[in-house]
*Asks:* 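Below is one structure. I have some questions about it.
Since we're looking at a predicted model, the values are computed, not measured. To find a chain, count down the sequence lines: A is the first, B the second, and so on, and within it residues start at 1.
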There are 2 protein chains.
Amino acid sequence: MEHEPTRLQRELLPRVIDYIRHRGIRPGVRLTELELAHHLQVSRTPVRAVLEQLAEEGVLDARPRRGFVLRSIPEPEAAPGAPPNEVEQFCLRVARDKMNNRLPQEISESDLMRRYNVTRPFLLRVLMQLAEVALVERKPGNGWAFLPSLEDASARQESYDFRLLIEPAAILAPGFALDALWLGETRRQHEAFLAAPWKETASIALFEMNAAFHEGLAAASGNRYILLAVRQQNRLRRFSNYDWVYGFERVQISCREHLEILDRLELGEREVGAALLRRHLEQARSLSRQFGE
Amino acid sequence: MEHEPTRLQRELLPRVIDYIRHRGIRPGVRLTELELAHHLQVSRTPVRAVLEQLAEEGVLDARPRRGFVLRSIPEPEAAPGAPPNEVEQFCLRVARDKMNNRLPQEISESDLMRRYNVTRPFLLRVLMQLAEVALVERKPGNGWAFLPSLEDASARQESYDFRLLIEPAAILAPGFALDALWLGETRRQHEAFLAAPWKETASIALFEMNAAFHEGLAAASGNRYILLAVRQQNRLRRFSNYDWVYGFERVQISCREHLEILDRLELGEREVGAALLRRHLEQARSLSRQFGE
DNA sequence: TTTTGTATCATAGCATCACGAAATACATTT
DNA sequence: AAATGTATTTCGTGATGCTATGATACAAAA
């Protein structure tokens, strides 16, 4: 009598898998609900649901009254083929429709609700998220207006200029400290991308990996506002960068540059790492200038 | 049969006054609804309401069928004694209550609605705004959690570090261009503060003027993401900087520094201006370190 | 023709209720 | 005692209807 997994459960499932892998839990070991619930910051209820789901998939053995036991170590979460959550996904859809001129420049909430058949609370979260990256803004009275950032090529340049200000500086921040676990995982992902044959369908996963790379560096800076700004930039870039149009060659170059930056940072050569990151961003900027609309 | 002015009308009223003053409209000149509505990006309905309100205050003469005529040039909007809007104001209240330990570290939306007797949509806007500056975050399941930024002295340092990255850079941005109107108005406000005797009650107005100064520089950079970041920082600082605790002497120093920066920028000496702004921020940072909790 | 006055429509916010699920307390088993 | 099973409470979301007011169309006056 399994129900459809809920939003929370869908988000929790990959985190449980990460938990199993990063803690190095071996087959035969029992997973306790309370421990997981505490780690995930939720109650036992959704944890239970996730564990039952994993049991159905054969990752866990469910034994009545004796909890769940790991059967086989699960694969790391499949390469993401979609944005991290539904709000983000819907933001993307709205942005695309606007770019294809399927939406007027100004529009009311009710109109959007009708067009997309969504509820107001959901729509509001979407609009506020779009507003956070300056893609739309509330008009003084009723309705919302799209800002020119979507079509505007200069917006992309400004974005790179902004990132050039903060991202290299993040590396040079006094408290900069990389997390070893993150470093290993990020390396693994990059190497996987270099090894695998290029498929167009992987461009979303590529973007998400890149975003995680830059966010990870920002997080390592120890400055929460740098991290906030980089997260915001990532969300913004998601709207225009989901389609990788530069071919596999650029994928390789980009991945290698990321890996080299990580190498330098691990050696403590932060100035070099910052310089490499600066060049990396400058190249991306001029590429986007060439290909830009 | 005048009703209570609505939110929109309260926001529009000072903008109409600004309109009158900045356009240099003289007494006896007629204000047309359509022109104002177009300028304010709203329909005639709320404009009408505002004009009627101004007529009651004696600023305008209402003549049936012949619209509204300016009677006397209104004073510029009184020095703001409150945050720019109600959401912001409520954010402030929540933040204060948290700092005074009147709120637990984790709390549900329903609980907040009961405590403050507000509607959910309003509360959601408040929470999302607080989340935007990393003061709270949604827990994975139900409820929200306050982040340590409020009590944390290091958060303030990080904020200054972040601003040191972007604000001087804003001045040096290639497209930097100050608006003459803004410059004059900002100068006038600063000089008024220097001239007037210091009152503790003016600390909110002081903060808002300072915020507008920094935001204006960011806007002049021509980089929308710098502007976005500075706006965000201003909103964040509003929570901890509404009480000016450094005395009138520091007010004077700060205002004079602002004015000198403007002087230099007007002369086109942007490097000097950027350096002065850098020093200005560094001084504020070390001051906050001394007085900081 | 342009602007105001007036009527009508549409919008956004609020209140209420219902429901699935998360949180939590208690019972039961190991 | 610690973990799981089960029941109860609380929470957050969606659906619906209502209302003040913003948007708009049309009439009337200047």
*Asks:* Contact class for B/Ser108 vs. all strands (heavy atom < 4.0 Å): base, sugar-phosphate, or nothing?
*Replies:* sugar-phosphate
*Asks:* Just how far is it from atom CD1 of B/Ile17 to atom CD1 of B/Ile73, taken to the nearest 0.5 Å?
*Replies:*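 One gets 12.0 Å once the value is rounded to the nearest 0.5 Å.
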*Asks:* Which is more 5' along DNA chain D, the nucleotide nearest A/Val118 or the one nearest A/Phe68? Just name the residue.
*Replies:* A/Phe68
*Asks:* B/Leu112 versus B/Trp144: any side-chain heavy-atom pair under 4.5 Å?
*Replies:* no
*Asks:* At a heavy-atom distance below 4.0 Å, which nucleotide of DNA chain C is the first touched by chain A, and which is the last?
*Replies:*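 Span of nucleotides near chain A: C/dT11 to C/dT29.
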*Asks:* B/Arg30 near the nucleic acid: base, sugar-phosphate alone, or nothing, with a heavy-atom cut-off under 4.0 Å?
*Replies:* sugar-phosphate
*Asks:* Using only heavy-atom distances, decide whether a donor-acceptor pair under 3.5 angstrom links the side-chain of A/Arg66 to the base of D/dG5.
*Replies:*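 Checked by distance alone, the answer is no.
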*Asks:* The side chain of B/Arg120 is closest to which nucleotide in this list: D/dG22, D/dA28, D/dG12?
*Replies:* D/dG12
*Asks:* Roughly how many Å is it from CD in B/Glu106 to P in D/dT10, rounded to a whole number?
*Replies:* 18 Å
*Asks:* Out of D/dA15, D/dA23, D/dA28, which has the shortest distance to the side chain of A/Thr119?
*Replies:*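 Minimum distance to the A/Thr119 side chain belongs to D/dA15.
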*Asks:* With a 4.0 Å cut-off, would you call A/Arg71 and A/Glu57 a salt bridge?
*Replies:* no
*Asks:* Taking atom P of D/dA23 as reference, at what distance in whole Å does atom CG of A/Asp111 sit?
*Replies:*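 Nearest whole value for this atom pair: 15 Å.
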*Asks:* Side chain of B/Thr6, heavy atoms from C-beta onward: which of D/dG5, D/dT21, D/dA28 has the nearest atom to it?
*Replies:*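 Comparing D/dG5, D/dT21, D/dA28 against the side chain of B/Thr6, the answer is D/dT21.
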*Asks:* Touch check for A/Leu51, heavy atoms < 4.0 angstrom, all strands: base, sugar-phosphate only, or nothing?
*Replies:* nothing
*Asks:* What bend angle does the helix from C/dT1-D/dA30 to C/dT30-D/dA1 show across its length, from five-pair end axes and to the nearest 10 degrees?
*Replies:*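 Answer rounded to 10°: the end axes differ by 30°.
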*Asks:* Within this structure, what is the CZ-to-P distance between B/Arg48 and D/dA23, rounded to whole angstrom?
*Replies:* 14 Å
*Asks:* Could you pick out which residue, B/Leu124 or A/Leu34, lies toward the 5' side of DNA chain D when each is mapped onto its nearest nucleotide?
*Replies:* A/Leu34
*Asks:* Kindly state which residues belonging to residues 138-145 of chain B come within less than 4.0 angstrom of DNA chain C, counting heavy atoms of the residue only, listed by number.
*Replies:* B/Gly141, B/Asn142
*Asks:* Between B/Asn100 (side chain) and B/Arg102 (backbone), is there a donor-acceptor pair under 3.5 Å?
*Replies:*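 Checking the backbone N and O of B/Arg102 against the side chain of B/Asn100, no donor-acceptor pair under 3.5 Å is found.
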